[in-house]
Amino acid sequence: MNSKTNLASVYDPHTLEKEVYRRWEESDSFSPSGDGESYCIMIPPPNVTGSLHMGHAFQNTLMDALTRFHRMKGRKSLWQAGSDHAGIATQMVVERLLLAEGESRTELGREKFIDKVWEWKANSGGTITNQLKRLGASLDWSRERFTMDEDLSTAVREVFVSLYEEGLIYRGKRLVNWDPVLKTAISDLEVISEEEHGFLWHFKYPISNSSEHVVIATTRPETMLGDTAVAVHPDDERYAHLVGKTVILPLIDREIPIIADDYVDSEFGTGCVKITPAHDFNDFAVGERNNLEVINVMTPEANIDLAGTPYHGLNRTQARAKVLEDLTQLDLIDKVENHKYKVPRGDRTDQVIEPFLTDQWFVKVKPLAEPAIEAVKNGSIKFVPKNWERTYFDWMENIEDWCISRQIWWGHRIPAWYDEHGNVFVARSEDAAMQKAKAVHGDIEIHLRQDEDVLDTWFSSALWPFSTLGWPKKTEELEFFYPTNVLVTGFDIIFFWVARMIMFGLKFADDIPFHEVYIHGLVRDAEGQKMSKSKGNILDPLDLIDGIDLENLVAKRTRGLMQPDLVPKIEEATRKQYPDGIPAFGTDALRFTFARLATQGRDIRFDLNRIEGYRNFCNKLWNAARFVLMNCKGVRPYSVDEFQPATTAEKWIVSKLHETTLTIEQSFAIYRFDIASKHLYEFIWDEFCAWFIEIAKVMLRDESVDEQCKNSLRKTLLMVLDATVRLLHPLMPYITEEIWRKIRAENEDNSIMFQDFSSDRSQWADADERATEEMDWMKAVVSNVRNIRSDMNMKPGERVAAYCHSNNPKDLEYFQNNLSCIMELSKLKSLEKLNDSDIQSMNMSNTISALINEFRIIVPVQEITDFDEQIKRLEKDIDTQTIQIRRSNSKLENQQFLTKAPADIIDKERTRLASSQKELAELIARREKLTEMMIQ
RNA sequence: GGGUGCUUAGCUCAGUUGGUAGAGCGCCGCCCUUACAAGGCGGAGGUGGUAGGUUCAAUUCCUACAGCGCCCACCA
């Protein structure tokens, strides 16, 4: 019996959490159940190569809280699990592993390499999903999906073919962002441009048949090998006479025209620009306008590809050096200036990206973007916080076609087949392509070759909200859960993912993919730095849950660094910051910390002090539960109907509970996890523990309190604890499950996960005003006595006698009702009520008194040693009140204020003035008293 | 260059229809009181980035400026 109803004496999250999660999983608690309205969240599928970082932990805590909240509210809830094949990232990981074993991707060949990737996925791909379980994530694992699953691949082909047939996917030779290390095209979004130091070189290009030359400026000397024109602004009078003439391109001796084009900024450099259409996006556009030749001078590796020249085979750096050297020899360098400019680098490789002319597949995005813009404009989809909508519009309204082909192997292969003549057949399968081919060629033998490229990973991600639910099949799940309720994600993938899901959802699933988009901030370290491996400031959420010793932490932070020379610095910083490693805080504390920090529109700084505080909060709750369970043995869990609070304190705590419940429900509805967690914390710690339990202790111990009343108290203790853990469950699933199961120990198999989040207790709110007034009065009396005690340096345990006086009937009633609580909570030996004549005759020297409304409480004191300090403190309070009175007076004397301010504000000001005056009188009296005592 | 966010107690941050400010941690003092020292009680600490404006009244609305940050953009 005891083991069943008692909680372990020490809060130990570690064993508790594993056991609880195991039970949930075994009882299949995460699948949608019940017959309520649908609630659905799609997990942003983590990369299959990933491991859980703080961002994931934060984001998934919020999603889990939402899912649990709505599940408890009775909705049939699905949190869809799954992961993303992450084309480039995964290919790089597996390639690196192969390399370590002495194998290479190219030697292995496409088929075998892909087999290797699947093999790797089977062995190591589940890391992050297992880590999510440690977070308490109630994802429906039975529905777990992978973007390369057969069903999802079918969806990808379906979408591709449909778009192609509609003319919204096309293939073409375009200048694209080319990563020369990966040797693939990447999208605009995958290019990160950062300002770097460089030079602006001024070259002299000789004018044909003339001794003159023009001076052009460039940051990329090596691309001059591919120049096909020099351009000036049409209105630039300095060069007007040159337009139409030609220059001889140095080193190559190619004759190229001088043209006029608006693109040129006359103010910049010399006002003459070299035009290299094959290696610059702007120049490409200029070339198209002016019918310039497009000369590619680079290989896919970004080496110079000019057979017969001395530059052939040189890489970019070498080529630049040689071009500069050769031009110097020819005295064609006019000058060199320092120059800051933006260098585009690939987000995966950090290598300089080249504009490169290749055949690629593109999505024509504008027609898709229009309805997607409209969906947000008309409020069908709401961003939270709303200001992200502007970011969304800015991008969507200026959207460029999306390059979706990638020259890698791991991914969805493009469903396009070519015959020997270069005809392309886009179809859902090779057979279907063959049929299309035969329709063209007749029934002859045709050899089809599938396109080598795969699709951008984000292409399949864009389908995630409906492909995971079975689309293109019309499944029940699709019907029931789509559109989903909310997407929880970071601002960094609004363009990559959110926008594309909206476009594709509207296009193919005939509806928006989600009603709301909750954008959360970035998790940074305690100093506000972005967490990154190379900074060595990464916190692993699992280390916060389980704890980690210093040596392991150092090892973890310094292992596998891209720049090994950073090791000593990182080690030193880590040893300094965590001399004792990181203690175990437990999942609930971590989750609560995230919730508490999740303020809107702001990044969050993760500070260990914060999580420690919330670990303490878990401990507080744990011990409060222990107290309740210990004192309520044999008390049957109440039902709402039979609940009838007997005492004022009960009425008060129940109305507080009701108030808290409402706040939390409202907060969840607007994604204010910070507000919800704040109110939970305050209710539990400052109301339930600090006052109600303390009152209950007094009354349960008080022999004059009858048994019926005590039983009512016990029921209320249990009832409030029960209700509280349910309110807390979405944020702290483990500890609340454990406590709740002890409360409801009669039913082993049940889980808090499926209990009502809150019952309708609105009828209890009626009790609150009276009860709250009385409780506030009692708290004020106790606080005042405590204050006097502390000021007078009385020992906390020392019982003192006290007296009180009031002629107000209400005070006297409250006094009667709360006598034992006041005495116990303020550690009084006695509390004698004085009448008017007692007060008159009483020797008030050596006493300190306080006034609560009209209720005066008088505490005799001895042995005051620090009069000066006490008087100084009083004088400060006197000053404060004096200033307040002056301020109130000046307001109340201001005719403008009296005529223009609303009546309630004026009343409030009058009340404030009155209470300040009363307070001031008290303070002055106390000061007089002290002065008097000091003189004695 | 365009956009956007932030600037409130030592630190990290709250403050939703304008009525002069709160929390956690830290700090100071007293306590191991039978749920909890991962605790209890009490306390100190803020000219709300700067300068104007609107208003009886501004942390809250408007303008300008400063500092920090982020996003977007084709200036060689």
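Throughout, a chain's letter reflects where its sequence line sits, starting with A, and its residues are numbered from 1. Quantities reported herein were computed from a predicted structural model and do not represent experimental measurements.
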- Query: Should E354(A) and R316(A) count as an ion pair when the cut-off is N to O under 4.0 Å?
  - Reply: yes
- Could you state the OH-C1' distance from Y11(A) to A37(B), rounded to the nearest angstrom? 18 Å
- Item | salt_bridge(E893(A), K891(A)) N-O dist < 4.0 Å | no
- On a whole-Å scale, what distance lies between the P atoms belonging to C27(B) and A38(B)? 14 Å
- Check: S888(A)/Q884(A) side-chain N/O donor and acceptor closer than 3.5 Å: yes
- Message: Using 30° and 60° as the class boundaries, would you call the ring planes of F692(A) and F688(A) parallel, tilted or perpendicular?
- Response: parallel
- Any residue meeting side chain to side chain contact (heavy atoms under 4.5 Å, CB included) with R873(A), in chain and number order, not counting sequence neighbours: D791(A), E869(A)
- Using a heavy-atom cut-off of under 4.0 Å over every strand shown, decide if R799(A) touches base, sugar-phosphate, or nothing. nothing
- Message: Ignoring hydrogens and geometry beyond distance, is the side chain of K697(A) in donor-acceptor contact with the base of A35(B) at under 3.5 Å?
- Response: yes
- Would you please name every residue forming a salt bridge (Lys or Arg N to Asp or Glu O under 4.0 Å) with E196(A), sequence neighbours left out? R345(A)
- Partners passing side chain to side chain contact (heavy atoms under 4.5 Å, CB included) against Q529(A) (at least two apart in sequence or in another chain): D525(A), E527(A), K535(A), N537(A)
- Hits for salt bridge (Lys or Arg N to Asp or Glu O under 4.0 Å) against E400(A), two or more places apart or cross-chain, chain-then-number order -> none
- Message: In terms of relative ring orientation, are Y11(A) and W622(A) parallel, tilted or perpendicular, with 30° and 60° separating the classes?
- Response: tilted
- Query: Could you run down nucleotides 71-76 of chain B 5' to 3' and tag each one B, S or - for protein heavy-atom contact under 4.0 Å?
  - Reply: -SBBBB
- Item | Residue pairs fulfilling side chain to side chain donor-acceptor pair (under 3.5 Å) with at least one residue in residues 662-691 of chain A, sequence neighbours excluded | K73(A)-E665(A), E516(A)-Y671(A), E665(A)-S758(A), R672(A)-D674(A), E687(A)-K779(A)
- Length of the line joining F617(A):CZ and G39(B):P, which is rounded to integer Å: 12 Å
Under 3.5 Å, N/O pairs linking protein and nucleotides 5-10 of chain B:
{"unit_1": "C6(B)", "atom_1": "O3'", "unit_2": "R602(A)", "atom_2": "NH2", "d": "2.8"}
{"unit_1": "U7(B)", "atom_1": "OP1", "unit_2": "R602(A)", "atom_2": "NH2", "d": "3.1"}

- Message: Can you list everything that forms a side chain to side chain donor-acceptor pair (under 3.5 Å) with R912(A)? Sequence neighbours excluded, please.
- Response: none
- Task: Would you classify I675(A) as touching base, sugar-phosphate or nothing, given that sugar-phosphate means primed atoms plus P, OP1 and OP2, and contacts are heavy atoms under 4.0 Å?
- Result: base
- Message: Taking only the P atom of each, what is the distance from A23(B) to G46(B) in whole angstrom?
- Response: 15 Å
- What pairs with D236(A) under salt bridge (Lys or Arg N to Asp or Glu O under 4.0 Å), at least two apart in sequence or on another chain? R238(A)
- Pairing residues for R602(A) by the salt bridge (Lys or Arg N to Asp or Glu O under 4.0 Å) criterion, not counting sequence neighbours: none
- Base versus backbone protein contacts along nucleotides 23-33 of chain B [heavy-atom cut-off under 4.0 Å; B, S, -]: --S----BS--
- What distance, rounded to whole Å, do you find between the two P atoms, one in C13(B) and one in U17(B)? 23 Å
- Does R789(A) put a side-chain nitrogen or oxygen below 4.0 Å from OP1 or OP2 of C41(B)? no
- Task: For U12(B) and G29(B), measure between their P atoms and round to the nearest Å.
- Result: 25 Å
- U50(B) and U59(B), which share atom name C1', separated by this distance in whole Å: 15 Å
- Distance between C1' atoms of A64(B) and C71(B) (Å, rounded): 24 Å
- Kindly express the pairing pattern of RNA chain B in dot-bracket notation, using | wherever a base pairs with another strand and counting only Watson-Crick or G-U pairs under 3.5 Å. (((((((..((((.....[..)))).(((((.......))))).....(((((..]....))))))))))))....
